Amino acid sequence: QPKNLRFISRTNLNTKPLGVNTMKNIVYIIIIMILISCTSSKSIELKSNKTISETFNKSEIKNLQIIFDFFNGQICDSKQMNKDLLNECYEKYCSEIREQYKVEYEFNPKVNFKQQLEMYNKIDKSTFNEIWDFQKKWTTKTQSDTLKHLGLSYTGKYKDFLQNYGKVNKAIHQYSESFNASGDLSPTMTAGLLMSYEYYDISDIRTKLIIAIQYLTLNDQNKRIEQY
C-alpha cells in the first residue's frame, strides 16, 4: 500500500465524528442567527408597528414605507440597514441638524428635492392626501402672486396617527396638540423636534416616521417654487 494512502487511512481512523450534542448546538446557533437577521429586518418595517397598522390600511402602509425608505436613504450612509444602524443614523442626523441651526440659525434637511419629487410619483395620491395638502402662499404684499405651499393635512389619517401615538408618548402628545391648534406644521412643532429630539424617543419607529415627514415637509416648503 502506498505511503500516501496509508497516511490518509490513519487520518480517517483518528478523526472523531461530531457528537449529537455538538450538532444540536450548531443547529441552534444557525437558527438564532437567522432569527436575529429576520428581526433586524422586520424592525424597520412600518407594518410591524401596531399604531401604524391600526391607523393606516395595507396600501397606505406600503406607500408610507416608500416615503420612509426614501428618507432613510437620503440621511443614512449605510445601504444595509438594520434597527441598530438606523438608530445611530437618526441620532447623528438630529444632532447635526440641531448644531447647524445653533450656528447658522437655519438648517438644510440634506434631502435631494428632485429625488423627493420623484418619490411622490411612486405613492398613491390618496396616501399623499392622508399626510399632506397644498395651501396658498402669498409672495407679495398685494397678495396677487400665490405659490404652492406643502402643509400637513388637517383631515388626513396622519393627524389621527399623531393623536394615537401621543397617548403613549408625552412629547408627541404636545406635538399633536400644537398641530391641532395651528392646523399645520407649526414653528412650535418644528422647534420642539429640532432642539429637543432626545425627549421624543427616536429609537421608536413611529418617531422616526414623524421625523421623516417633518423634514420632508420643510424641505418641500423651502425648495418648491410653483404657482398655485
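The residues of the chain are indexed from 1 along the displayed sequence. If you're wondering where the values come from, they're calculated on a predicted model, not measured in any experiment.
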Minimum heavy-atom separation for Ile172 to Leu162, with atom names?
CG2-O, 3.8 Å
CD1-CZ distance between Ile61 and Phe56, expressed to the nearest 0.5 angstrom:
8.0 Å
Rounded to the nearest 0.5 Å, what separates atom CD in Glu226 from atom CG in Leu147?
9.0 Å
Donor-acceptor contact below 3.5 Å, side chain Arg98 vs main chain Met195
yes
Counting neighbours of NZ on Lys223 that are heavy atoms of other residues, nucleotides or ligands and sit closer than 6.0 Å, is the number greater than 12?
yes
Is the backbone of Thr51 close enough, under 3.5 Å, to the side chain of Asn49 for a donor and an acceptor to pair up by distance?
yes
Would you confirm whether Asn63, through its side chain, and Ser59, through its main-chain N or O, come within 3.5 Å as a donor-acceptor pair?
yes
Value for CG (Asp220) from CG (Leu117), rounded to nearest 0.5 Å, stands at 6.5 Å
Nearest atoms (heavy-atom pairs only) where Tyr120 meets Leu216
OH-O, 4.4 Å
Kindly say whether Tyr165 contributes a backbone atom to a donor-acceptor pair with the side chain of Asn169 at under 3.5 angstrom?
no
Expected output: side-chain Ser95 to main-chain Glu91 donor-acceptor under 3.5 Å
no
Straight-line distance of Ile202 CD1 to Ile210 CD1, nearest 0.5 Å
12.0 Å
Tyr154 six-ring centre to Lys159 NZ/CZ under 6.0 Å and within 45° of normal
yes
Whether Asn57 side chain and Glu60 backbone form a donor-acceptor pair below 3.5 Å
yes
Pair Thr155-Asp133, side chain to side chain contact (heavy atoms under 4.5 Å, CB included): steps then yes or no:
CA-CA 10 Å; Thr155 59; Asp133 61 14; 6.0 Å; no
Let me confirm one number: the CD1-NZ distance from Ile225 to Lys148, rounded to the nearest 0.5 Å.
14.0 Å
Does a donor on one side chain and an acceptor on the other come within less than 3.5 Å for Tyr199 and Gln174?
no
When you measure from the side chain of Asn219 to the backbone N and O of Tyr215, does any donor-acceptor pair fall under 3.5 Å?
no
For the student: nearest non-hydrogen atoms of Asp201 and Thr207, plus distance
O-OG1, 3.1 Å
Any side-chain heavy-atom pair from Gln135 and Asp184 closer than 4.5 angstrom?
yes
Parallel under 30°, tilted from 30 to 60°, perpendicular over 60°: which one fits the rings of Tyr105 and Tyr101?
perpendicular
Taking the side chain as everything from C-beta on, heavy atoms only, tell me whether Val111 gets closer than 4.5 Å to Phe70.
yes
Run the side chain to side chain contact (heavy atoms under 4.5 Å, CB included) test on Leu64 and Lys157 for me, step by step, so that the C-alpha distance in whole Å, both residues' side-chain angles and the decisive distance to 0.1 Å come before the verdict.
CA-CA 12 Å; Leu64 285 172; Lys157 289 183 181 180; over 6 Å; no
Checking Gln115, Lys110, Gln116 against Gln74 for side-chain hydrogen bond (donor to acceptor under 3.5 Å, both in side chains), the one that qualifies is Gln115
Quick one: does any side-chain atom of Ser196 pair with a main-chain N or O of Leu193 as donor and acceptor, under 3.5 Å?
no
is_close_aromatic(Phe71, Tyr93), centroid dist under 6.0 Å:
yes
Quick check against the 3.5 Å criterion: does Lys208 have a side-chain atom that pairs as donor or acceptor with the backbone of Ser203?
yes
So, taking the atom named CG in Leu86 and the one named CD1 in Ile205, what distance separates them when rounded to the nearest 0.5 Å?
7.5 Å
Going by the rule side chain to side chain contact (heavy atoms under 4.5 Å, CB included), which residues pair with Asp69 if we only count those two or more places apart in sequence or in a different chain?
Gln65, Asn72
In terms of the angle between their ring planes, are Tyr200 and Tyr175 parallel, tilted or perpendicular, with boundaries placed at 30° and 60°?
perpendicular
Is the closest side-chain heavy-atom distance between Phe161 and Glu130 below 4.5 Å?
no
Might you point out which heavy atoms bring Cys94 and Ile211 nearest each other, and give the distance in Å?
SG-CD1, 3.9 Å
Could you pull out all residues at least two apart from Glu106 that satisfy side chain to side chain contact (heavy atoms under 4.5 Å, CB included)?
Glu104
Quick one: side chain to side chain contact (heavy atoms under 4.5 Å, CB included) partners of Lys114, sequence neighbours excluded?
Asn112, Glu118
How close do Ile75 and Pro109 get, heavy atom to heavy atom, and via which atoms?
CG2-O, 4.4 Å
Minimal heavy-atom distance between Phe179 and Ser153, with the atoms involved, is CZ-O, 3.4 Å
